[in-house]
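Working notes, structure below.
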Amino acid sequence: MSDLQEEGKNAINSPMSPALADVHPEDTQLEENEERTMIDPTSKEDPKFKELVKVLLDWINDVLVEERIIVKQLEEDLYDGQVLQKLLGSPNAYDSGLKNSVSPCTWNSIPLQEKLAGCKLNVAEVTQSEIGQKQKLQTVLEAVHDLLRPRGWALRWSVDSIHGKNLVAILHLLVSLAMHFRAPIRLPEHVTVQVVVVRKREGLLHSSHISEELTTTTEMMMGRFERDAFDTLFDHAPDKLSVVKKFADGVYLVLLMGLLEDYFVPLHNFYLTPESFDQKVHNVSFAFELMLDGGLKKPKARPEDVVNLDLKSTLRVLYNLFTKYKNME
């Protein structure tokens with residue numbers, strides 16, 4: 001009955017309006033010539049879109065674990081700038097290799113010092129009013145823009161779109177940040193959504209659909225950054241890299257850590273002869289834990305990347321081990 005009442009109310013308020021497919025009544029309360037966009041519900045059910053949202057959520061929560069912040073919904077938890085501020089200020093998100101590419105800067109506001117790629121970002125910890133939230137968000141996004149503009153990112157968001165909980169804008173922002181920070185995640189490629197654009201003209205609501213590309217290929221997205229030694233290695237000797245496949249099930253990585261750190265790894269802690277994908281992921285994840293315990297930085301690769309035979313990811317893990325233990329007797 002509630003749905004029928006809403007539908008009837010919407011029809012009365014918008015007589016002879018072109019049909020709006022799957023648009024929530026709250027999204028149709030527009031002023032004359034005002035425009036609003038939203039993701040078509042069918043696109044939200046696309047597996048690749050769901051994967052993109054999940055990967056970004058997991059990355060944010062992993063970065064902010066020490067802040068004891070848990071993000072459950074991107075549009076509900078990021079719109080006021082609070083989580084974005086913490087994300088930018090977290091050393092877990094930032095790749096120190098890019099630090100010198102950003103010039104020092106300072107913003108003065110209500111005192112709260114956050115480190116942003118060598119900058120000091122001063123904004124209020126908690127802001128309740130809409131004006132205060134937008135002012136804080138403006139400051140945070142200006143800092144984001146200073147990071148991304150030099151690297152040619154198209155800034156496909158604004159204070160109003162983020163604060164208005166526009167999920168497309170929020171996803172564009174997070175994808176850009178993940179690429180800039182070289183997040184240890186794998187974004188699904190070629191994620192495209194259908195966006196419903198609603199506009200009010202002469203008292204009537206008009207809708208249209210457009211396609212919005214959220215991700216391209218990993219190579220194209222990462223191509224914005226300088227190539228490293230591993231790219232050169234792949235260019236010149238791709239046929240000699242199959243040896244790293246031996247580490248894909250995590251067994252060698254676990255045993256290697258035991259040898260390097262001079263301890264015995266109890267067999268009940270990992271699968272000596274893993275058979276399933278999940279068992280292999282468990283082994284690699286456990287090896288990563290041993291690396292952290294040994295004083296290494298958190299690997300940029302995901303355990304799933306190693307199991308999936310991603311050679312660059314595996315090589316970077318092995319190179320980190322080599323760098324730390326190369327002088328061992």
- Query: Quick check: does any side chain N or O of N61 sit under 3.5 Å from a backbone N or O of V71, one acting as donor and the other as acceptor?
  - Reply: yes
- Message: Any donor-acceptor pair under 3.5 Å linking the side-chain atoms of Q279 with those of E275?
- Response: no
- Any N283 side-chain heavy atom under 4.5 Å of L253 side chain: no
- Item | D46/K50 ion pair, N-O < 4.0 Å | no
- Indicate whether any N or O donor in one side chain lies under 3.5 Å from an N or O acceptor in the other, for H172 and E212. yes
- Message: I'd like to know if the side chain of K48 and the backbone of H190 have a donor-acceptor N/O pair within less than 3.5 Å.
- Response: yes
- Task: Examine distances only and state if a side-chain atom of E32 and a backbone atom of G203 form a donor-acceptor pair shorter than 3.5 Å.
- Result: yes
- Sub-6.0 Å ring centroid separation between F270 and H282: no
- Rounded to the nearest 0.5 Å, how far does NZ of K86 lie from CG of L78? 14.0 Å
- Flag the pair D77 and K72 as a salt bridge only when some basic side-chain nitrogen lies within less than 4.0 angstrom of an acidic carboxylate oxygen. no
- Supply the atom-to-atom distance W59 CH2 to L64 CG, rounded to the nearest 0.5 angstrom. 9.0 Å
- Message: Please determine whether side-chain contact (heavy atoms from CB on, under 4.5 Å) holds for the pair H145 and W157, giving the CA-CA distance in whole Å, both sets of side-chain angles, and the decisive distance to 0.1 Å.
- Response: CA-CA 10 Å; H145 297 169; W157 57 83; 3.1 Å; yes
- Does K324 have any salt bridge (Lys or Arg N to Asp or Glu O under 4.0 Å) partners at least two apart in sequence or in another chain, and if so, which? none
- Could you state whether L56 and I70 fall into the same hydrophobic cluster, counting links through intermediate Ile, Leu, Val, Met, Phe, Trp or Tyr residues with side-chain heavy atoms under 4.5 angstrom apart? no
- Does one side chain, of D80 or H163, offer a donor that lies under 3.5 Å from an acceptor on the other? no
- Roughly how far, to the nearest 0.5 Å, is CG of L167 from OH of Y79? 15.5 Å
- Message: Donor-acceptor pair, distance only, cut-off 3.5 Å: does the side chain of D249 make one with the backbone of P274?
- Response: no
- Task: Only counting residues at least two apart or in another chain, list the ones meeting salt bridge (Lys or Arg N to Asp or Glu O under 4.0 Å) with D278.
- Result: none
- With a 3.5 Å cut-off and no angle check, do the side chains of D160 and S158 form a donor-acceptor pair? no
- Message: Could you work out, with side-chain hydrogen bond (donor to acceptor under 3.5 Å, both in side chains) as the rule, every residue matching K165, not counting sequence neighbours?
- Response: E76
- In sequence, state the C-alpha distance, the side-chain angles, and the governing distance for V144 and L177, and then conclude on side-chain contact (heavy atoms from CB on, under 4.5 Å). CA-CA 8 Å; V144 171; L177 288 175; 4.0 Å; yes
